[in-house]
Amino acid sequence: MPPSTHLPDADTEIEPEVAAELDTGAEETQVAWAEAAREVLLKTARSYGSLITQQKLANQVQDRTDLHTDRQIRHWLGGVLRRVAEDCAARDEPLLIALVVDARGSVGDLYAKTLLELRGEDIDHVDDHAARERLTCHEYFGANLPSGGGLATLAPQVAAARTRTRKKAAEERVIPICPNCYTAVPATGVCDNCG
């Protein structure tokens with residue numbers, strides 16, 4: 001009987017330097033987990049707008065293979081995702097790993113590192129890139145897209161965090177006031193009333 005699975009809290013992100021190591025044990029286990037992860041991610045890709053969390057993917061991979069580990073997912077899931085990404089690259093497919101997000105809705109540093117290594121793409125905004133890659137996955141793997149073809153969308157948590165940041169910046173912005181007529185000065189810096 002396999003040992004019970006102990007996974008990290010939902011806020012735990014995969015550590016790229018640890019994730020790159022295939023240190024979980026047998027090569028056969030890594031291969032089996034990667035094949036199961038691909039199956040789960042193909043199903044996710046075929047449903048427009050769908051994402052899957054690292055936690056949920058880890059659970060499904062272990063359940064599908066009946067190969068369980070007591071190790072935290074940050075110590076083994078990265079290696080599995082790396083194998084899935086390499087397989088996608090070998091098949092000249094979009095990267096299915098763009099569908100995998102952490103508890104904050106981000107694809108994280110592992111995604112950026114994988115893009116650099118497999119495609120030579122050095123990106124600054126990983127979640128924006130992943131949103132476009134997810135749409136490509138949905139198109140490529142046959143999701144039922146809305147009329148017009150669908151949109152590249154951020155994970156809800158990432159979109160909400162960005163909205164909060166923009167709102168806070170707007171609230172903190174100081175609007176200059178004309179010292180003569182006490183009205184707001186437009187972006188030109190010249191008062192419309194006093195010229």
Side-chain angles (χ1 to χ4, degrees), residues 1-47 49-121 123 126-127 129-138 140-143 155 157-158:
M1 178 176 203
S4 62
T5 304
H6 300 288
L7 299 171
D9 296 334
D11 290 336
T12 302
E13 183 178 337
I14 296 174
E15 297 174 12
E17 64 277 358
V18 175
E21 299 174 12
L22 298 178
D23 60 346
T24 307
E27 176 77 8
E28 296 81 21
T29 300
Q30 286 282 320
V31 169
W33 281 343
E35 288 172 0
R38 178 176 170 81
E39 291 171 16
V40 171
L41 294 175
L42 284 172
K43 183 178 177 184
T44 305
R46 291 181 182 122
S47 177
S50 292
L51 299 168
I52 189 166
T53 64
Q54 295 167 354
Q55 182 77 49
K56 188 172 182 181
L57 179 63
N59 290 341
Q60 289 188 29
V61 161
Q62 291 183 87
D63 289 345
R64 282 175 177 255
T65 60
D66 202 26
L67 297 169
H68 298 268
T69 182
D70 289 334
R71 300 190 72 194
Q72 295 181 348
I73 62 172
R74 65 189 174 111
H75 294 295
W76 63 270
L77 187 59
V80 171
L81 292 176
R82 172 65 189 206
R83 285 176 183 263
V84 171
E86 289 171 347
D87 184 52
C88 289
R91 296 172 188 250
D92 199 26
E93 297 172 342
L95 295 179
L96 288 165
I97 65 169
L99 300 162
V100 184
V101 296
D102 61 21
R104 295 176 309 240
S106 177
V107 290
D109 294 336
L110 179 67
Y111 180 82
K113 183 178 178 183
T114 302
L115 274 176
L116 182 61
E117 291 172 1
L118 294 181
R119 292 184 180 169
E121 294 180 40
I123 56 173
V126 293
D127 290 308
H129 187 285
R132 293 187 299 274
E133 191 76 9
R134 283 193 288 271
L135 179 59
T136 304
C137 283
H138 295 316
Y140 186 88
F141 293 108
Q157 303 95 313
V158 173

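Counting from 1, the numbers follow the sequence of the chain as shown. What you see below is based on every heavy atom in this structure, not just the backbone, and it leaves out hydrogens, waters and symmetry mates.
To the nearest 0.5 angstrom, Phe141 atom CZ is 16.0 Å from Lys43 atom NZ. Atom-to-atom distance recorded for Glu39:CD and Leu41:CG is 10.0 Å, nearest 0.5 angstrom. Of the inter-residue distances, the one linking Glu117 atom CD with Leu110 atom CG reads 8.5 Å to the nearest 0.5 angstrom. Atoms CH2 and CG, from Trp76 and Asp70 in turn, are 11.5 Å apart once rounded to the nearest 0.5 Å. Taken to the nearest 0.5 Å, the CG atom of Asp109 stands 12.0 Å off from the CG atom of Leu116. Rounding to the nearest 0.5 angstrom, the gap separating the CG atom in Leu77 from the CZ atom in Arg71 is 12.5 Å.
Contact between Gln62 and His68 at its shortest, heavy atoms only, is OE1-CA, 3.1 Å. Contact detail for Val40 and Arg64: the closest heavy-atom pair is CG2-NE, 3.2 Å. Shown here for Asp127 and Val107, the closest heavy-atom pair between the two residues is OD1-N, 3.0 Å. A pairwise comparison of heavy atoms in Leu118 and Ala89 identifies CD1-CB, 4.3 Å as the closest pair. Taking all atoms of both residues into account, the shortest heavy-atom contact from Val126 to Gly108 is CG2-O, 4.1 Å. For the residue pair Val158 and Gly105, the shortest heavy atom distance occurs at CG2-O, 3.2 Å.
Judged by distance alone, the side chain of His138 and the main-chain N or O of Ala143 form no donor-acceptor pair under 3.5 Å. The backbone N or O of Ser47 lies less than 3.5 Å from a partner atom in the side chain of Ser50, making a donor-acceptor pair.
A 4.5 Å side-chain heavy-atom check between Thr69 and Trp33 finds at least one atom pair inside the cut-off. Tyr111 is not listed as a side-chain neighbour of Ser106, based on a closest heavy-atom distance of 4.5 Å or more. A 4.5 Å side-chain heavy-atom check between Leu81 and Leu57 finds at least one atom pair inside the cut-off. Annotation: side chain of Cys137 is in contact with side chain of Leu96 (closest heavy-atom distance under 4.5 Å). Gln30 places a side-chain heavy atom less than 4.5 Å from the side chain of Val80. Side-chain contact between Ile52 and Val101 is absent, with no heavy-atom pair separated by less than 4.5 Å. Between Thr53 and Val100, every side-chain heavy-atom pair lies at or beyond the 4.5 Å cut-off. The shortest distance between side-chain heavy atoms of Leu95 and Arg119 falls below 4.5 Å.
For the pairing with Asp87, the side-chain contact (heavy atoms from CB on, under 4.5 Å) check across Arg38, Arg82, Glu35 returns one residue only, Arg38.
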